Amino acid sequence: MKSLLIISRHAPTRHAAREALDVALAAAAFDVPCGILFMDDGVFQLMRGQDAAQIGQKSLAANLQALPLFGVEDVLVCQHSLGERGLQASQCLLEARVVNNAEIATLIEHYDQILTL
Amino acid sequence: MKSLLIISRHAPTRHAAREALDVALAAAAFDVPCGILFMDDGVFQLMRGQDAAQIGQKSLAANLQALPLFGVEDVLVCQHSLGERGLQASQCLLEARVVNNAEIATLIEHYDQILTL
Amino acid sequence: MAGLLCFHWVGFMKFAIALLAGPQDPAARSALEFARAVLSSGHQISHLFFYREAVHLASLLGVQPQDEQDITAEWRQFITEHRLDAVVCIAAALRRGVLDKAEAQRWERPAANTAAPWELSGLGQWVDALQSADRAVTFGT
Amino acid sequence: MAGLLCFHWVGFMKFAIALLAGPQDPAARSALEFARAVLSSGHQISHLFFYREAVHLASLLGVQPQDEQDITAEWRQFITEHRLDAVVCIAAALRRGVLDKAEAQRWERPAANTAAPWELSGLGQWVDALQSADRAVTFGT
Amino acid sequence: MLHILRHSPHADSRFASCLRAINADQSLLLIEDAVYTLLPGTSGRNALEYLPASVSLYTLESDLLGRGVALDDISSRIEVIDYQMMVALCTEHAKVVSW
Amino acid sequence: MLHILRHSPHADSRFASCLRAINADQSLLLIEDAVYTLLPGTSGRNALEYLPASVSLYTLESDLLGRGVALDDISSRIEVIDYQMMVALCTEHAKVVSW
């Protein structure tokens, strides 16, 4: 099996964020070794206290929490992106491993395929 | 008549650029006093030497050249946006008046309505 | 004294509301919430105009998952209930494959995917709306 | 020596190509030009997958101005001519109102707007494509 | 004049363009993903703080809550409003510019 | 590994994100609006020049010509290619990442 890293870089309010999670969950359901890296505005998906109903949306929380249950092994968040946005890993609603630029470059080398979504 | 300023801020390859020009031309056709300000990536619309057929597009040149003919009075380009992109007004395919930030703020005060497209 | 009061009393206004982004963009909801608030504040909506990707809101074919809100259905209901003019830019709609029966016949396409309360018409409608409204607000830039 | 030659000889490859952006985005053309070059280089396209706004490419209803190229028609012709598998993500398509006859009936919508050579299917098809292809290239991110 | 920003300060150059075009005595309303600009300790928030005190700043409560931006974290300079108040703001300003 | 950038360096944070993730001995291909990065005298072009010499840089000729970016202005470090050569690049690299 080729491993797959999904780089999710859209804010949770963008439909693209939901569709990136769908790809990760679909891949994991087919037993593809799969990781997900939240980067750029994608880190906003991990903010606690989002009340999506206020803006007429369905919460992403269930899809996010399904990631480890479905076997998405690596849940990662970009340190640089968090910092730029004034966020800390302790504020995240998933246990995501914080990775720096060098670690991201290594991750991208390590996985067989990368999808930026 | 209420005057209308259109701020066109998309690169020429984006469909949004064409649709912003369509609005300016439609307004001018109805004799609305109308200006257009090219800002951000919108200044790329004014670059000389674009061969749109190379990328399967129809050139924007005809629509741009129609602006003064249709009576679009002010054709303006943002100095800051040009500078950031390494461009000079002399490289533009329309005679556009270069405006700085203070002049842009004044323009926005002067026009009755502003559409960012 | 009356003059001063008049100055503060803005009165009821006619709003023109334009939407540029499609059903998947949060702007589709912002515009609807704003439109609802315009009416509930006692103002009037003189024009609704749908341009660029917003023309997809006029499609009758979208199917949303059961646990998600259907913004196109909400817009359709709002427009119908308040008998509003909802103009979809015809040039933008044709390009993106949003056709009513007349256009589907004219261009010999196999089906239509929009109908009343949506109306396909030209950009002139928006130009006109901008002239006649007291306030023009654009969503989904 | 044979080993060294083998290392440099990449051979013919199976490409999976995904497109995420719609017909109005320059990526729709980049992906098509790339796909043509894959075939003209002697390689094979094992899968085409259309996700997000790219599902609108499968609509049969778009009408382009006469002096502009019709990218959806070009894609349709390319897929038909080379008998390629062109899978449109069914979940993304339903949301955006791109339905074939079967889905239009299932969801009781008044019309269908897509048909062969486009095929509506699940994300599993893309996952499968990523596994079986030698190279996977995404356009329109 | 009322300026409305809706995009994330990180995703686009609109934020900078709007700030370059804003005059003293005008108003700025942050909606949708632009509410992320209000997060403490960010360059966007600093840029807002540097605006002249005569610029009035507003944001939509539902967009804050929807995105998990805590009301407690918002600068006291920002007035938190609802859609009815947004309509009122539009009536009080002669022009509305959406960026 | 081949990185492909397609967005204008001014419109989005992808350019910066890609540069943060790129390793020496990898390749970068600029297509579509990313060719604007090649304009002389811009911060984007400078950022490209600062990449290690071991990073190979490519761009698509049709995208340059379509946007009016003059071939003469392109740094000699950049190899100008067509779609067939882009396909060849994809076969020569084990992985392709589109930003």
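Keep in mind the model is a prediction, meaning the values are calculated, not measured.
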Exercise. Non-hydrogen atoms of chain C under 4.5 Å away: do they reach the side chain of A29(B), the backbone, both or neither?
Worked result: neither

For this session: Scan side-chain atoms only and decide if R29(C) and Q69(C) contain a donor-acceptor pair under the 3.5 Å cut-off.
Result: yes

For this session: Report the distance from atom CD of Q24(C) to atom CD of Q64(C), rounding to the nearest 0.5 Å.
Result: 6.5 Å

For this session: List in chain and number order the residues that pass salt bridge (Lys or Arg N to Asp or Glu O under 4.0 Å) with R36(C), two or more places apart in sequence or in another chain; answer none if no residue qualifies.
Result: E33(C), E74(C)

Seminar exercise, completed: Applying a strict 4.5 Å limit to non-hydrogen atoms, the region of L4(B) in contact with chain C is side chain

Exercise. Mind checking what makes ring pair (Phe, Tyr, Trp, His ring centres under 6.0 Å) contact with F38(B), not counting sequence neighbours?
Worked result: none

Problem set entry | residues 88-107 of chain C: residues contacting chain B (heavy atom under 4.5 Å, by number) | A92(C), R95(C), R96(C)

Show me the donor-acceptor pairs, under 3.5 Å and distance only, between side chains in residues 102-117 of chain B and residues at least two apart or in other chains.
unit_1, atom_1, unit_2, atom_2, d
E103(B), OE1, N100(B), N, 2.8
T106(B), OG1, A102(B), O, 2.9
E109(B), OE2, N23(E), ND2, 3.0
E109(B), OE2, Q26(E), NE2, 3.1
Y111(B), OH, D74(B), OD2, 2.9
D112(B), OD2, S3(B), N, 2.9
D112(B), OD2, S3(B), OG, 3.4
Q113(B), NE2, L130(C), O, 2.8
T116(B), OG1, S98(E), O, 2.9

For this session: For the pair S81(B) (side chain) and M39(B) (backbone), establish whether a donor and an acceptor sit closer than 3.5 Å, ignoring hydrogens and angles.
Result: no

For this session: Answer yes or no: is there an ion pair linking D41(B) with R85(B), defined by an N-O contact shorter than 4.0 Å?
Result: yes

